[in-house]
S.K.: 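Just passing along the structure, written as structure tokens.
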Amino acid sequence: MADLDQEAAAILRANDRGGYTVPTAGLYPYQWNWDSAFAALGFAEFDLDRAWRELETLAEGAWANGMWPNILYRVDDPDYFPGPTVWHAGEAIPSSGVSQPPVAATVARALYERDPALGKARLAALFPKLLAWRDWFHRDREDGAGAILVTHPWESGRDNSPDWDAAMANVQVADIGPYQRRDTGHVDQAMRPTKEDYDRYLTLVAWGREAAWETGRITAEGPFAVADPTMTFILMRSHGDLAALAKTLGENEAAARLEADLDRAIAAARSLWSDDLQAYAARDERTGAFADGITSAALLAWYAGLRDPDHEEALLATLHALFDAAPLALPSFDPRHPKFDAKRDWRGPVWAIVNWMVACGLHEAGHEAEATRLRRDTRRLIEGAGFYEYFDSRDGSGAGGPDFTWTAAIWLAWASPSKEEEWN
Ligand code: GLC
């Protein structure tokens with residue numbers, strides 16, 4: 001193993017809390033949902049048993065209604081806010097009250113295919129929970145067209161993306177009382193969401209808590225509901241992966257149901273196309289308005305498996321425009337837009353996990369040059385700055401938390417030169 005491969009594996013080991021991995025010590029001391037899915041992808045490179053364990057511990061937090069929450073609070077760590085007592089949610093394990101993009105289904109397939117003999121029984125145990133989660137999205141989070149609504153920016157995984165600005169501006173701050181943030185004690189305030197954001201994040205948590213986390217009602221009546229390309233595309237991909245796994249397990253009824261739903265998922269994904277942006281975009285369910293800037297989530301269409309002849313060329317042109325505007329790709333938000341902020345989480349920086357998903361889709365769709373560019377840039381960023389949470393797309397510096405689990409995982413699974421053959 002090359003040095004950086006060893007370093008990446010050491011980060012996963014160091015962030016391991018015994019069956020589950022924290023995203024980074026200090027800033028994020030709990031188990032996060034899509035972080036764990038990516039962690040499993042990294043562990044699979046050197047310890048497949050441990051990789052399965054990561055998904056299994058994540059699944060332990062699933063609610064009776066099928067939802068897998070975005071944070072599992074297995075311990076109470078005063079160094080993080082908001083903790084379990086703010087949410088008042090969770091069943092088997094105290095948790096948040098919102099979900100996160102279901103990358104886990106896709107990762108389960110990858111783990112299974114690496115070693116079917118090892119994976120079969122574990123997959124069989126996990127599958128019903130993955131399916132129930134997917135069914136929950138369809139029951140409690142769809143808009144009229146079938147696109148997936150997020151009821152809190154944290155649910156999307158892209159916490160402070162400009163995609164939520166307009167809808168968040170309509171949230172009246174209420175019921176929050178005084179509170180003390182902890183994130184800004186770990187990293188520079190300039191790399192984190194603002195106080196105005198936080199007041200509204202907590203207002204949404206208070207609303208959900210008062211609604212006793214009835215997730216369907218929160219979607220229908222809560223102060224925030226936005227159709228999200230991240231959720232819609234990642235769920236759409238997981239459809240195909242779950243259908244393949246269902247067949248493997250002989251779950252024919254589930255496989256048929258998933259396949260039948262695919263047409264609706266395709267139409268739903270298409271409903272997020274914005275002619276103004278020439279890209280897929282978030283749309284506020286309450287006002288019908290599209291977001292006014294291009295985010296990296298738009299480029300997940302290929303990852304979803306969407307092949308839309310009406311928009312394929314335009315989307316590729318949009319991707320190239322972002323490549324041209326950012327020395328290091330893929331910026332999470334359009335650098336040409338006035339709201340671009342090179343260091344503030346989802347308002348500009350590059351995220352290795354997004355690069356991996358977008359590149360997988362590009363690769364599968366035959367856009368090799370673009371996929372290679374993303375892989376090359378991800379490698380450069382990590383080689384130059386280390387395993388940061390995210391990176392400045394202009395100068396390549398690392399930002400957010402250091403020694404980050406998912407950045408290490410993406411290195412091991414994809415960006416490392418040791419994976420060259422597999423990806424070329
Ligand atoms: C931030 C990110 C979110 C991630 C979490 C833990 O909140 O926006 O996507 O899951 O950190 O890494």
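In each ligand, atom 1 is the first atom listed, and ligand 1 is the first ligand listed. Position 1 is the first residue of the sequence; numbering continues from there.
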S.K.: N/O to N/O below 3.5 Å, does that happen between W406 and ligand 1?
M.R.: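 Between W406 and ligand 1, no N or O pair is found under 3.5 Å apart.
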S.K.: Quick check on the 6.0 Å ring-centre criterion: do H239 and H138 meet it?
M.R.: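 Yes.
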S.K.: Are the ring centres of H152 and Y201 closer than 6.0 Å?
M.R.: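 Yes, ring centres under 6.0 Å apart.
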S.K.: Give the atom numbers and elements of ligand 1 that come within less than 4.0 Å of a heavy atom of W346.
M.R.: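 Listed by number with element: 2 (C), 8 (O).
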S.K.: Tell me whether D35 reaches ligand 1 (any heavy atom closer than 4.0 angstrom to a ligand atom).
M.R.: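 Under 4.0 Å: yes for D35.
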S.K.: Which residue owns the protein heavy atom closest to atom 1 (C) of ligand 1, what's the atom, and how far is it?
M.R.: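 The answer is Y28 OH, 3.3 Å.
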S.K.: For W351, is at least one N or O under 3.5 Å away from an N or O on ligand 1?
M.R.: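 Checking ligand 1 against W351, no N or O pair falls under 3.5 Å apart.
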S.K.: Counting the benzene-type ring for Trp, do H337 and F340 have ring centres under 6.0 Å apart?
M.R.: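 Ring centres of F340 and H337 not closer than 6.0 Å.
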S.K.: Has R158 got any heavy atom lying under 4.0 angstrom from an atom of ligand 1?
M.R.: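 R158: no contact with ligand 1 (<4.0 Å).
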S.K.: Taking the six-membered ring for Trp, are Y30 and Y73 closer than 6.0 Å centroid to centroid?
M.R.: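 Yes, the ring of Y30 comes within the 6.0 Å limit of the ring of Y73, centre to centre.
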S.K.: Between N33 and P69, what is the shortest heavy-atom contact and its length?
M.R.: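 What the structure gives for the nearest pair is ND2-O, 3.1 Å.
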S.K.: Search all heavy atoms of A25 against all heavy atoms of R17 and return the closest pair with its distance.
M.R.: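 Taking every non-hydrogen atom into account, CB-NH2, 3.8 Å.
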S.K.: Can you tell which of D165, D341, D163 makes a side-chain hydrogen bond (donor to acceptor under 3.5 Å, both in side chains) with R347?
M.R.: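 Checked D165, D341, D163 against R347; only one passes side-chain hydrogen bond (donor to acceptor under 3.5 Å, both in side chains): D165.
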S.K.: Return the option from G157, S332, G400 holding the heavy atom at the smallest distance from atom 3 (C) of ligand 1.
M.R.: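 Among G157, S332, G400, the closest heavy atom to atom 3 (C) of ligand 1 belongs to G157.
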S.K.: Considering only the protein, which heavy-atom contact is closest to atom 7 (O) of ligand 1, and what is its distance?
M.R.: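 Result: D159 OD2, 2.6 Å.
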S.K.: Under 4.0 Å from any heavy atom of F404, which atoms of ligand 1 are there?
M.R.: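 In order of numbering, the contacting atoms are 12 (O).
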S.K.: What do we get for W154 next to ligand 1 when only non-hydrogen atoms under 4.0 Å count, side chain, backbone, both or neither?
M.R.: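 Contact part for W154 vs ligand 1: neither.
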